[in-house]
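To start, the structure itself, in structure tokens.
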Protein chains: 2
Amino acid sequence: MSCESRAIDQLRESGVRLTPQRAMVLEAIYHSDGHLSVEEVHERVQQLSPYVDLSTVYRTVMFLKQQGVIGELRLDGQPVRYEAVRFGQEHHHVVCSSCGAMIDVASDDLETLSELLDTKYGFEVNLVHLTLVGQCPACRNDQSR
Amino acid sequence: MSCESRAIDQLRESGVRLTPQRAMVLEAIYHSDGHLSVEEVHERVQQLSPYVDLSTVYRTVMFLKQQGVIGELRLDGQPVRYEAVRFGQEHHHVVCSSCGAMIDVASDDLETLSELLDTKYGFEVNLVHLTLVGQCPACRNDQSR
DNA sequence: ATTGCAGATGCGAAAATTTGCAACTACGAC
DNA sequence: GTCGTAGTTGCAAATTTTCGCATCTGCAAT
């Protein structure tokens, strides 16, 4: 069983079409450890099937993101990147605006916020794969010198 | 005194250059009530000064966003939009993924999260103008029918 | 007021992303 | 299995966004 099989099940249950292209994009992203740009996803998918178009990759990552099985990482001055949203390892990112260091934040840490938005505004918020910007401990020290 | 004067002060204090182009982009965004796309900002700026280039507007909104005086609103299927971050009215957005309804969430509501990220990870996070996706009360009801 | 220069701008060109559309296909109904 | 169709895809073209670079300018120092 491949590591993206759970995501595939999730798509099946949502009643959306599971095309070979979608499966390949999913595979490329789930079998990568880091964050892939669209271009990198395209390269990897083309190794599996050479005629998959770049525009299909664009449409597919958008689709998979909306389905919640991949996450988008959008940092100023860098290409947009995508990563797997693995079951049980859902997380967010915090990036240091000074040095670029990035840490993962467990989804549970945003549970309080989620509850607040529910009780106060009635919104059921999908807190999936946020990217927050801030300053890491080291850069905070540097700055205060 | 114009409504963006406080933002201008903030830029001065940061020691960054205050060019006419930056002031005009700031003015266009602060004098608009809603959210403007880059194209719309460009149109308004050109009415003040016809030779301001579109690429300058792109660079300027990126800059002003990083300075924290304007906020970016990025919704799937819509052009990126920018709005003023007015002192004392800092807020975030929650958008309903079903009907598109959007509400503002006061910055204070994220105070707890901010403290958690500080104590747990040591990050001083800049919680400015986030956009969260979820479901509004009405659509939650519709769905459960 | 003048000077020096790091950083900003305008312009053209390149790169990234989206879109229109005819052909194709996953998948539910039979 | 076959059929029908709504939803996808590949391709080409349009559009949006970024970038390189020569020139220009805000502003701190004098």
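As the structure is a prediction and not an experimental result, all values here were calculated from the model.
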In whole angstrom, give the distance that lies between atom [atom1] of [X] and atom [atom2] of [N].
X: A/Glu39; N: D/dT17; atom1: CD; atom2: P; value: 19 Å
X: B/Arg12; N: D/dA28; atom1: CZ; atom2: C1'; value: 14 Å
X: A/Asp53; N: C/dC24; atom1: CG; atom2: P; value: 16 Å
X: B/Gln46; N: C/dT9; atom1: CD; atom2: P; value: 15 Å
X: B/Gln66; N: C/dA8; atom1: CD; atom2: P; value: 11 Å
X: A/Arg74; N: D/dT18; atom1: CZ; atom2: C1'; value: 14 Å
X: A/Met24; N: D/dT8; atom1: CE; atom2: C1'; value: 12 Å
X: B/Arg22; N: C/dA8; atom1: CZ; atom2: P; value: 4 Å

Q.
Return the CG to OG distance between A/Asp109 and A/Ser114, rounded to the nearest 0.5 Å.
A. 12.5 Å

Q. CD/B/Gln66 to OG/A/Ser97 distance, rounded to the nearest 0.5 angstrom?
A. 9.0 Å

Let's see if you can work this out: which of [options] has an atom nearest to the side-chain heavy atoms of [X]?
X: B/Arg17; options: D/dT17, C/dA26, C/dG7; answer: C/dG7
X: B/Thr56; options: D/dT8, C/dC27, C/dT9; answer: C/dT9
X: A/Tyr51; options: D/dC11, C/dC27, C/dT17; answer: D/dC11

Q.
Using a heavy-atom cut-off of 4.0 Å across all strands, would you classify A/Pro20 as base, sugar-phosphate, or nothing?
A. sugar-phosphate

Q: Treating Ile, Leu, Val, Met, Phe, Trp and Tyr as nodes and any side-chain heavy-atom pair under 4.5 angstrom as an edge, say whether A/Tyr121 and B/Val95 lie in one connected cluster.
A: no

Q. Testing A/Lys65, A/Glu83, A/His92, A/His91 for side chain to side chain donor-acceptor pair (under 3.5 Å) with A/His129, which one passes?
A. A/Glu83

Q: Say whether B/His35 and B/Gln78, considering side chains only, have a donor N or O and an acceptor N or O under 3.5 Å apart.
A: no

Q: Return the 5'-most residue of the pair A/Val16, A/Val38 with respect to DNA chain C, ranking by each residue's nearest nucleotide.
A: A/Val38

**Q.** 5' precedence on DNA chain D between A/Ser55 and A/Phe63 (nearest-nucleotide basis)
**A.** A/Phe63

Q: Return the 5'-most residue of the pair B/Arg59, B/Gln21 with respect to DNA chain D, ranking by each residue's nearest nucleotide.
A: B/Arg59

